[in-house]
Amino acid sequence: AIDMWSLGCVVAELFLGWPLYPGSSEYDQIRYISQTQGLPAEHMLNNASKTVKFFYRDRDATYPFWRLKTPEEHEQETKMKSKEARKYIFNCLEDMGQVNVPTDLERGELL
């Protein structure tokens, strides 16, 4: 068996020439992943052991109940400053298709 998530991250790094999720802390990596992949499923957040370390549950909200803590909230609780380490900031993985695309080549040179 192969870890498809890790393989995908390695392929993305080969394509970009830079790590897809280069976070220097757990919080930064979860923040980057959540930005491109969305929040983890509700049942996963409800049952995970570290959820409250990175996510805030709004008990008065109708849905979704969880949200990622802001960098400021996380820093206030942990005294660890979040730092932006990404070379490319994507809102979805499809955004990667806009990076490193040759635009000045003739049509025949792309083949």
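Keep in mind that the numbers below use all heavy atoms, side chains included, and drop hydrogens, waters and symmetry copies. Each residue takes its place number in the sequence, starting with 1.
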- Do the side chain of Thr51 and the main chain of Leu45 share a donor and acceptor less than 3.5 angstrom apart? yes
Subject >> Any Leu16 side-chain heavy atom under 4.5 Å of Lys87 side chain >> reply: no
**OP:** Could you tell me whether the side chains of Trp66 and Asn46 share a donor-acceptor contact shorter than 3.5 Å?
**Re:** yes
Scanning both residues in full, the closest heavy-atom pair of Phe55 with Pro40 reads CZ-CD, 3.9 Å
Establish whether Phe54 and Met80 are linked, either directly or via other cluster members, by ILVMFWY side-chain heavy-atom contacts under 4.5 Å.
-> no
| Flag, side chain of Glu73 to backbone of Thr70, donor-acceptor distance under 3.5 Å | yes
Here the gap from Thr36 atom OG1 to Phe90 atom CZ, rounded to the nearest 0.5 Å, amounts to 9.5 Å
All heavy atoms of Lys83 vs all of Ser24, minimum pair found to be CE-OG, 3.3 Å
Check your understanding: Do NZ/NE/NH1/NH2 and the carboxylate oxygens of Arg31 and Glu26 come within less than 4.0 Å?
Key -> no
Discussion item. Quick check: is Ile89 connected to Trp18 through a chain of hydrophobic side chains (ILVMFWY, heavy atoms under 4.5 Å apart)?
Written reply: no
Separation between OH (Tyr21) and CD (Glu13), nearest 0.5 Å, reads 12.5 Å
Taking Ile2 as the starting point, is it possible to reach Val10 by hopping between hydrophobic residues whose side chains are less than 4.5 Å apart?
no
ask   = Any donor and acceptor pair, going by atom type alone, linking the side chain of Lys69 with main-chain N or O of Val52 inside 3.5 Å?
value = yes
| Flag side-chain contact, heavy atom, 4.5 Å: Leu68 against Tyr27 | yes
Between Glu77 and Lys53, is a salt bridge (Lys or Arg N to Asp or Glu O under 4.0 Å) present by the stated rule, with each step listed?
CA-CA 9 Å; Glu77 291 177 11; Lys53 190 174 178 180; over 6 Å; no
In this structure, CG of Leu39 is separated from CD of Gln37 (nearest 0.5 Å) by 11.5 Å
(message) Within the structure provided, determine whether Ile33 and Trp5 are in side-chain contact (heavy-atom separation under 4.5 Å).
(response) yes
Correct closest heavy-atom pair for Leu20 and Ala12 would be CD2-CB, 3.9 Å
Nearest heavy-atom contact between Ala85 and Pro22 is O-CG, 3.4 Å
For the backbone of Arg86 and the side chain of Glu84, can you confirm whether one donor and one acceptor N or O come within less than 3.5 Å of each other? yes
Exercise. Could you tell me whether the side chain of Ser82 reaches within less than 4.5 Å of the side chain of His74, counting heavy atoms only?
Key: no
Legend entry - Validation row: Tyr32, Ile30 side chains within 4.5 angstrom (heavy atoms): no
